[in-house]
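Right, one structure below, let's go through it.
A note on names: the letters A, B, ... follow the listed sequences, proteins ahead of strands, and every chain is numbered from 1.
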Amino acid sequence: ELKVEQNPLFLSMQEGKNYTIYCNYSTTSDRLYWYRQDPGKSLESLFVLLSNGAVKQEGRLMASLDTKARLSTLHITAAVHDLSATYFCAVDTNDYKLSFGAGTTVTVRA
Amino acid sequence: NAGVMQNPRHLVRRRGQEARLRCSPMKGHSHVYWYRQLPEEGLKFMVYLQKENIIDESGMPKERFSAEFPKEGPSILRIQQVVRGDSAAYFCASSPGAGDVYNSPLHFGNGTRLTVT
C-alpha cells in the first residue's frame with residue numbers, strides 16, 4: 001500500500017520568512033500533485049509534477065520532485081497572510097487513484 | 001463554464017437513514033472519482049467510475065456503500081443505514097479520461113458535508 005507522509009503537519013510561519021513542506025512517499029510514481037484547501041472549501045490545484053527533477057513555481061510557491069528519493073518539496077518564499085491554508089501532496093500510481101498526505105496546516109502570523 | 005458540481009453541500013441524516021450524494025462532472029468529462037475526507041485528515045480514494053461502469057471500488061466499504069454513474073444524469077454515491085462514523089466530507093472529481101490527461105490535475109467539486117446525528 002502506498003504511504004504518503006507529509007511534514008510538518010502544522011507550520012506556524014512568520015511573515016516574510018521562508019519555509020519548506022516535505023512530502024515522502026513509499027512507492028515509485030512519476031506523478032505528484034500539490035493542492036491547497038481553505039477551511040470548509042474544496043481543493044485547489046497548485047502544481048502538477050510529472051517527472052524526476054521537475055520544478056514549478058507560482059508566485060511565492062515553488063514545488064519540486066525527486067522520484068529517486070521519492071520526495072517532493074513545497075517551498076514558500078517570504079510568507080504572507082493569505083498563504084494560510086492546509087496544503088496536501090497527492091501521489092498517483094494509477095488512473096488518478098490518488099494517495100494523499102495528511103496535510104500541512106499553515107498559519108502565517110505577522 | 002461550470003466545474004464539478006456536487007449537491008447537496010450539507011446533508012444531515014439520523015443514524016439508520018440513507019444518504020444520497022450527487023456529482024455532475026465537468027462538461028466533456030466521462031470519468032468520475034469519489035473521495036472521502038475525515039476531519040483533520042487527507043482525502044481517501046473510494047471509487048472510480050466511467051459511464052455505466054465501476055472501474056475501481058477498492059476504497060469503498062463493502063457494506064452499505066454503493067456508487068453509480070448512469071448513462072444520463074449525475075453520479076450518485078449512496079450510503080445506506082448511516083452511522084456516526086460516516087460523518088465526513090465527500091468530494092467528487094472528474095477527468096476527461098482520454099489523451100494525456102495526467103498533465104492536468106484532478107478537479108474537485110466543493111464537496112458534500114455529511115453529518116450523522
Item to check | Rounded distance (nearest 0.5 Å) linking atom OH of A:Y35 with atom CG of B:L106 | outcome: 5.0 Å
Checklist outcome for this item: Output for pair (A:S42 OG, B:Q6 CD), nearest 0.5 Å, gives 7.0 Å
In [range], which residues are in contact with chain B at a heavy-atom separation under 4.5 Å?
range	answer
residues 100-110 of chain A	A:F100, A:G101, A:A102
residues 12-24 of chain A	none
residues 72-79 of chain A	none

Establish whether [X] and [Y] are linked, either directly or via other cluster members, by ILVMFWY side-chain heavy-atom contacts under 4.5 Å.
X	Y	answer
A:L2	A:W34	yes
B:F91	B:I55	yes
B:V32	B:V47	yes
B:F65	B:L49	yes
A:Y25	A:Y87	yes

Item to check | Heavy-atom closest contact (B:Q37 atom, A:F88 atom, distance) | outcome: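 Distance-wise, the nearest heavy atoms are NE2-CZ, 3.6 Å.
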Next on the checklist: Is a donor from one side chain sitting under 3.5 angstrom from an acceptor on the other, for A:K97 and B:S58?
Outcome noted: yes
Next on the checklist: Is A:E44 close to chain B through its backbone or its side chain, or both, or neither, when contacts mean heavy atoms under 4.5 Å?
Outcome noted: neither
Checklist entry - Is there a side-chain contact between B:F108 and A:Q37 (heavy atoms, below 4.5 Å)? => result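 With C-beta onward as the side chain, the pair stays apart.
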Checklist entry - Checking B:Y35 side chain against A:L98 main chain: does a donor-acceptor pair fall under 3.5 Å? => result yes
Checklist entry - Within a reach of under 6.0 Å around CD of A:E5, are more than 12 heavy atoms found that belong to other residues, nucleotides or ligands? => result no
Item to check | Residue-level interface, residues 110-117 of chain B with chain A, non-hydrogen cut-off under 4.5 Å | outcome: B:N110, B:R113
